[in-house]
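Note that this is a predicted model, so its numbers are computed, not measured.
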Number of protein chains: 2
Amino acid sequence: MDQKLDTNEARKARRNARAERRTVDPAVPRERILNVAASLFRQRGYNGTTVRDIAAEVGILSGSLFHHFQSKEEILLEIMREAAFTICVRAEKTLEDAETPWQQLRELVRLELESIVGGVRKDYHAVLFFEWRDLPEAAKPELTRLQKRYNRSWRQAAEACHAAGLLRCEPDAAVLILHGSVRGAMTWFRPGGRYSTDEFGDILTALVAIDIKDNGKDNHKGSKP
Amino acid sequence: MDQKLDTNEARKARRNARAERRTVDPAVPRERILNVAASLFRQRGYNGTTVRDIAAEVGILSGSLFHHFQSKEEILLEIMREAAFTICVRAEKTLEDAETPWQQLRELVRLELESIVGGVRKDYHAVLFFEWRDLPEAAKPELTRLQKRYNRSWRQAAEACHAAGLLRCEPDAAVLILHGSVRGAMTWFRPGGRYSTDEFGDILTALVAIDIKDNGKDNHKGSKP
DNA sequence: CCTACCGATCGGTAGG
DNA sequence: CCTACCGATCGGTAGG
């Protein structure tokens, strides 16, 4: 019906969307589509979003989407791949860069919080966690592998803290609690609200692991002369 | 299509489902439908479940559902109402029965964990949290009110703990962390897995609030003569 | 990227 | 609770 009623207003709206895109957003079409789709999937869910919804917000007609993607499912898969892969790589880099187990844990918490509520790809990560069940079965093994790889980083940090006697509970429980709390932030977090991401992250880390006021590495440098 | 192909096998399946229901499950039709719908909504999401799916598992044809409910949305609403109201009432009773702030918090954690992963209505609670965005706008005020009422119980317990000097972080953060961790259990919890609900609940409570080994109320009674 | 469609499936209804 | 449908909408396609 949207296509039979392709009125002059609709044509004009698409023309405007196209013009705006050219000046405001230089992203290649593929990426524009993914950004729009991630945002809509987050708001309405995968099954609650139609290919016509996505196309309309990109400023094209629904049929044109299938020049860029083979199917609606492929769009979902690409969003999740991007999110899962990016956070894996960043988590591994975080572990390498941090100098103490406690800092490893704190930085992982901050990374996940920032990815989920603050980053430019936050909708991608939200979709990865919320729409998992809508993934076609055939795509699950690939993403499960990335998920496990990501979890290894967490377990490694938690076990390092445990070995150093810093953990207030078992490493397994610590990871479950940290993950749950951070992902819960997807629901309640608002920029400018009660806590910033780093504030909440630090509260959370301090709750799970004891911070033996470390060698004064880089925080508050020079506050105690 | 499912209705045009109402084969003899399908008829027989319905007959069997009806017979089994009569002997195995004496629930009134309305409740049977809600149970089935809650289970399917949890597995596939609201938009991923069709009225035909629900009807098939109940053992009737899709048209017959609308003798019991006005619409698919009303089924979702009833599930959420039931879950939200029940947990509100139980939380308030929990606060009354507990004798110390620490016990209040522990029992709230246990209540929510048990509701979400163990209780007979666990799918109802999962749907309440996961399918919120699929609720028709018109129904949100009613459920938001119940949600706020439920949160009051949590805040009350958290603030009582805080006043008693038991909390390792601010009451606001404590509630956010407890809620997130407990709801995260919907994803990873398996009966017979790493932790039982009470074990995980106690780890969680002990992390957030210090247990000043209370007056030996009822736990391990008689262990110290 | 658009035009112009398609077969399938959706939630829901009327009358028994 | 079933029979027999409905209008709308869905994901996707062919040909330009």
Across all chains, not counting sequence neighbours, the side chain to side chain donor-acceptor pair (under 3.5 Å) partners of A:Thr205 are none
Got a list of side-chain donor-acceptor pairs under 3.5 Å for residues 152-159 of chain A, not counting sequence neighbours?
from	atom 1	to	atom 2	distance (Å)
A:Trp154	NE1	A:Tyr150	OH	3.1
A:Arg155	NH1	A:Asp172	OD1	2.8

Distance in angstrom units between B:Leu65 CG and C:dC10 P, rounded: 13 Å
Going by number, which of residues 66-73 of chain A have a non-hydrogen atom under 4.0 Å from DNA chain D? A:Phe66, A:Ser71, A:Lys72
List for me each residue that meets ring-ring contact (aromatic ring centres under 6.0 Å, His included) alongside B:Phe41, sequence neighbours excluded, and say none if there are none. B:Tyr46
Under the salt bridge (charged side-chain N to carboxylate O under 4.0 Å, His left out) rule, collect the residues that match up with B:Glu92, sequence neighbours excluded. B:Arg149
Contacts satisfying salt bridge (Lys or Arg N to Asp or Glu O under 4.0 Å) that involve residues 175-188 of chain B (not counting sequence neighbours) are B:Glu112-B:Arg183
Check each residue of residues 42-51 of chain B for a non-hydrogen atom within less than 4.0 Å of any atom in DNA chain C, then write out the ones that pass by number, or none. B:Thr49, B:Thr50, B:Val51
Write out all pairs satisfying ring pair (Phe, Tyr, Trp, His ring centres under 6.0 Å) with one or both partners inside residues 181-207 of chain B, taking only residues at least two apart or from two chains. B:Trp188-B:Phe200
What pairs with B:Lys148 under side chain to side chain donor-acceptor pair (under 3.5 Å), at least two apart in sequence or on another chain? none
What pairs with A:Glu137 under side chain to side chain donor-acceptor pair (under 3.5 Å), at least two apart in sequence or on another chain? A:Lys140
Salt-bridge criterion met for B:Glu142 and B:Arg145 (N-O under 4.0 Å): no
Writing each nucleotide of DNA chain C 5' to 3' as (, ), [, ], | or . by Watson-Crick or G-U pairing under 3.5 Å yields ||||||||||||||||
Taken in chain and number order and not counting sequence neighbours, the residues that satisfy side chain to side chain donor-acceptor pair (under 3.5 Å) with B:Ser39 are B:Gln43
